[in-house]
Amino acid sequence: MASSWGSFLQDEQQLEELARQAVDRALAEGVLLRTTQEPSSSNVVSYAPFTLFPSLVPSALLEQAYAVQMDFNLLVDAVSQNAAFLEQTLSSTIKRDTFTARLFDIYKQVLKEGIAQTVFLGLNRSDYMFQRNADGSPALKQIEINTISASFGGLASRTPAVHRHVLNVLGKTKEAARILSNNPSKGLALGIAKAWELYGSAKALVLLIAQEKERNVFDQRAIENELLARNIRVIRRRFEDVSEKGSLDQDRKLFLDGQEIAVVYFRDGYMPSQYNQQNWEARLLLERSCSVKCPDIATQLAGTKKVQQELSRVGVLEVLLPDQPEVVARLRATFAGLYSLDLGEEGDQAIAEALAAPNRFVLKPQREGGGNNLYGEEMVQTLERLKDSEERASYILMEKIEPEPFGNCLLRPGCPVRVVQCISELGIFGVYVRQGKTLVMNKHVGHLLRTKATEHADGGVVAGVAVLDNPYPV
Ligand code: ADP
Ligand code: MG
């Protein structure tokens, strides 16, 4: 996609002045992160990295992404309730991936004991890139869906004002007015509030599980603030606090510091480094409780890359979402090529294709949080090493999406202002609430655009690669 800010990108002096104004506005709006030096304190904070200009996104693709979000909510919810599908899909992976195996163990224990919670809450974010078709037109292709700790709903509500400001400074007032308003944190909080209400105890609290060293605290606070505005109290605690002070009563109600917990919202617990033995025990305790977990362990497993790959197999969506051909068609239209690496002929063929054309594929382990995928030469070496081992089943192979690059400036604390070639990733936030078998809420609640320089294969804002952005619909 060409940039319509082309003429502004040429004047270096003007860009620097514009960047100063944009940064000041970002700070004033609360587009903030704690610093890497002091991740557990808000004494010194800085702006979260962002693009100087909003990036062009075709309106049709934005609409398509919004339109399919409720379908993805249904799909994730269906997978999370299908024990046979989860068990079969993850069977080869859990043999070799200890993290997924550990999550799966908890899942099995909870199933065996009987699931105590009756209300289910999903807060997810489905991410896409814009694949360049052979004829040059862009197509919406899903990168992944995040079913645990989907972040930046809070900061994404603050960035539209910054980009409007930039365009207004340039006298582009009509363009400024076209930047969409966005408030995912409000919608996410509405989901939590609904789950809290259905849990049905006026004095019960929401427990936000977070790390002490959390740079992205202001993003989380945006949701806390929305809940407090609805008179729902939130406490922030670590897994360690749960293991020290948490308990279940005979009805498996969860208590922490003597207070009943209605909803547990995880902003931690999605990668191996976030668990020690104590934390695993705390996670199990939480899962066994009748509190609404966001997500429950089954929904976290539904968000693994292995599940994503199996969902793309012919006929699978039809089984999970019977009698809903239109939903299935909308979902499938967003799928990129996904390939199993399980031992056997199918996996052998996928590996052969990836080795023959490494630039067309991405190798993905069962990990979240950015920086884990393998590309190019690294992918080739790993595939050569794993070729004949069962370990290869802990990875999936994915078609690499190649969006058309465009110019923009990525503003980061301490970095010079310069124009670089970029690509974007669009995320849509989805919220659903189910009580027993009845879906009582299913909606999309906003978007997140992240942009990175083309020199980086992987992504992640906190990982230091991508920056916050806004879609400029064209
Ligand atoms: P994570 O769970 O670590 O966020 P992702 O699947 O989202 O894993 O991959 C991380 C990043 O790698 C993405 O944000 C994107 O920039 C890049 N990426 C992932 N899959 C693809 C793909 N199929 N094509 C191109 N880039 C990809
Ligand atoms: Mg991702």
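The shown structure was predicted, so the numbers you read here are calculated from the model rather than taken from an experiment. Indexing begins at 1, ligand by ligand and atom by atom, following the structure's order.
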Tell me whether [X] is salt-bridged to [Y], with the criterion being a basic N under 4.0 Å from an acidic carboxylate O.
{"X": "E425", "Y": "R450", "result": "yes"}
{"X": "D241", "Y": "R238", "result": "yes"}
{"X": "E29", "Y": "R164", "result": "no"}
{"X": "D342", "Y": "K306", "result": "yes"}
{"X": "R34", "Y": "E38", "result": "no"}
{"X": "K364", "Y": "E144", "result": "no"}

Checklist outcome for this item: Residues R434 and S80: closest non-hydrogen pair is NH2-OG, 4.1 Å
Checklist outcome for this item: The protein N, O or S atoms lying under 2.8 Å from the Mg ion (ligand 2) are E144 OE2
Checklist entry - Which residue pairs satisfy the ring-ring contact (aromatic ring centres under 6.0 Å, His included) criterion with at least one member in residues 448-474, sequence neighbours excluded? => result W5-Y472
Item to check | Residue list, salt bridge (Lys or Arg N to Asp or Glu O under 4.0 Å) with K108, at least two apart or on another chain | outcome: E87
Checklist outcome for this item: In chain-and-number order, ligand 1 lies under 4.0 Å from a heavy atom of each of M129, I143, E144, K305, V362, K364, R367, E368, G369, G370, N373, Y375, M398, E399, K400, I401, E425, K452, A457, D458, G459
